[in-house]
Amino acid sequence: MHFSIPDTQEMGSAPTYTAYNLHINGCYHSVLRYKQLHSLNEQLRRHCVGVPLPAFPPKRLLPLTSGQLEARRSALEQYLQAVGQDGRLARSAHLQQFLQRAQLDTALAEGQVASDCEEQQLEVQVYTNPAGERILVSCSVQQNSRALLKSVCRDLQLPEELVRYFCLFLVRRLRKSDELHLVRRLMDFESPYITRLHMQPCELLLRTCYWDSSRDAKLTGSKVALNLLYNQTVADVNREWVVICSPSEGRQLSCLQLQGRPREYMDLVRQLPSYGCLQFDEAQVDYPEPNTMALVSIGNKELGLRTARGAKIYETKFRVTRMRSWRVSVTHNTLESRLQPSHLQLAFEYLIGKQTLRWITINSEQAMLMSVCLQAMVDELLHRGEGGKADASSDDEQEQTAVTSSSSTPSSTCSTSTWASSSCSTSTAPTTPPVRFLSEDSAPRNKPRMTTSRTFGAVFFRNDVADNAARVSNEAFEGIGDDDL
């Protein structure tokens, strides 16, 4: 989890107090007081025995000056970032319950919900056919994502032991083209109903939550699970998220689809290099040249860039195990353009050659989702490297991660079609420290009981290149040996 406290606000009257706007994984989550965070720290200290906690900013007896308030905001942000990057603390039931309650209490204070017992209906898109079907699910506003996921899967009659292979995504459809735009995956501690209010216009989508195609075998034994996986894959092929390498393969897939042979369809599509990848919108990158527009994909232990040069399409693959570190940086003007989109950038430090590292940047509003995906891929690599089996992980771990991975030097090939292949090898090894970032501002929020009268800093620049603490160090990073060159 990536935490940010981009700004503060004054609340209450006579006396007023400072509240902190908490963003998680780039999106607004809740408003918190210092004493609430102090209480969380005490809970973690009591219940997470043996786990070292990061430093928590101390209490002060006298009122804080503006400079001291900014220092406290920064210290609280760093504290939460460190907590979010420690798997033992991040998976703690006390932290999960705290975040879930904080979101609900904020929604109640802002008048977005009338009661924590309020019942609502949510529309969830599921792949019962390639076009997708919307089903209505009843839920309480305090119900978390995991509970809603179980309700959806129960309505679909999906076996309970297979629920762990699916998750809920927030998606947005572009009006002109009806293309699907992935916003982010819902976390277990958040209420889907409240989150969707903050992220309008957005839809909920049920998708598989892994990128390791070997896990498909777990689903093919169930008719319901196979149908969901098959229709999701057909939809991905139709929207060109899975790239067909040759006309003959396209004809084969179309034939199998018409004949209603999902198992054979899946066996064939699984052989395509882009199967199992998550596709992102077109973004501006600085590789191979500055201001290059590229289609970004993540999956199969790689981050891919597809660029067009004339009539040819080039695809460059960056293996995850050759990314020494990465960071998400956001420029956010809290005073003049609080409601305007923030500028997000993902930058990763890549081992191009022996003792040659280069920073490669991707400017995209999906930069935070890319970072979360990279981290999940590394976590799975490390889990397997320690002798763990992907399917042996607990439900909690499955809920925290959604991918599998590995890494490589940028290799690229050229083709006149929309596909090109590449590969290389290596592996790596460091863990993930906190990412510091400033989240994208959400849509305007009604705050009937809150007044915003103070923010700090007109423009925030986080994760400057010089700030080593802002980087995510890749524990799966491997240097290049002589045999690789």
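The shortest side-chain heavy-atom distance between Arg184 and Cys27 falls under the 4.5 Å cut-off.
Using modelled atom types, one finds a donor on one side chain and an acceptor on the other under 3.5 Å when comparing Asp216 with Tyr210. Remark: the Ser138 side chain and the Glu119 side chain contain no N/O donor-acceptor pair separated by less than 3.5 Å. In this structure, a donor-acceptor pair under 3.5 Å is absent between the side chains of Thr292 and Gln284. Side-chain atoms of Trp326 and Ser371 form a donor-acceptor pair, as typed in the model, at a separation below 3.5 Å. A donor atom on one side chain and an acceptor atom on the other are found under 3.5 Å apart for Glu190 and Thr195. In summary, the side chains of Thr361 and Asp286 do present a donor paired with an acceptor at a separation below 3.5 Å, with no hydrogens or angles considered. A donor-acceptor contact closer than 3.5 angstrom links the side chains of Gln345 and Asn363. Counting only N and O atoms by type, the side chains of His181 and Glu365 include a donor and acceptor under 3.5 Å apart. Residues Glu240 and Gln279 have side chains that never bring a donor and an acceptor to within less than 3.5 angstrom of each other.
The number of heavy atoms from other shown groups lying within 6.0 Å of CD (Gln259) is above 12. Shown here is Glu161, whose CD atom has more than 12 heavy atoms of other residues, nucleotides or ligands within 6.0 Å.
Tested against Cys139 for a side-chain contact (heavy atoms from CB on, under 4.5 Å), the candidates Asn144, Val152, Leu148 yield a single pass: Leu148.
Proximity of a side-chain donor or acceptor of Asn300 to a complementary backbone N or O of Glu302 within less than 3.5 Å is not detected. In this structure, Asn25 contributes its side chain and Val372 its backbone to no donor-acceptor pair below 3.5 Å. In this structure a side-chain-to-backbone donor-acceptor pair under 3.5 Å is missing from Ser140 to Cys117. Without hydrogens or angle criteria, Thr220 side chain to Ala217 main chain gives a donor-acceptor distance under 3.5 Å.
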Stepwise salt bridge (charged side-chain N to carboxylate O under 4.0 Å, His left out) test for Arg91 and Asp188 = CA-CA 10 Å; Arg91 287 190 295 270; Asp188 286 335; over 6 Å; no
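Judged as a ring-ring contact (aromatic ring centres under 6.0 Å, His included), and not counting sequence neighbours, the contacts of His47 are His94. For Tyr79, the ring-ring contact (aromatic ring centres under 6.0 Å, His included) partners two or more places apart in sequence, or in a different chain, are Phe56.
Figure legend: cation-pi geometry between Arg324 and Trp359 absent, as NZ or CZ is not positioned both under 6.0 Å from the six-membered ring centre and within 45° of its axis.
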Under 3.5 Å, side-chain donor or acceptor atoms of residues 122-130 against the rest of the protein: list the pairs with distances, not counting sequence neighbours.
from: Gln125; atom 1: OE1; to: Arg173; atom 2: NH2; distance (Å): 2.9
from: Tyr127; atom 1: OH; to: Arg239; atom 2: NH1; distance (Å): 3.4
from: Tyr127; atom 1: OH; to: Arg239; atom 2: NH2; distance (Å): 3.3
from: Thr128; atom 1: OG1; to: Glu133; atom 2: OE1; distance (Å): 2.5
from: Asn129; atom 1: OD1; to: Ala131; atom 2: N; distance (Å): 3.0
from: Asn129; atom 1: OD1; to: Gly132; atom 2: N; distance (Å): 2.8

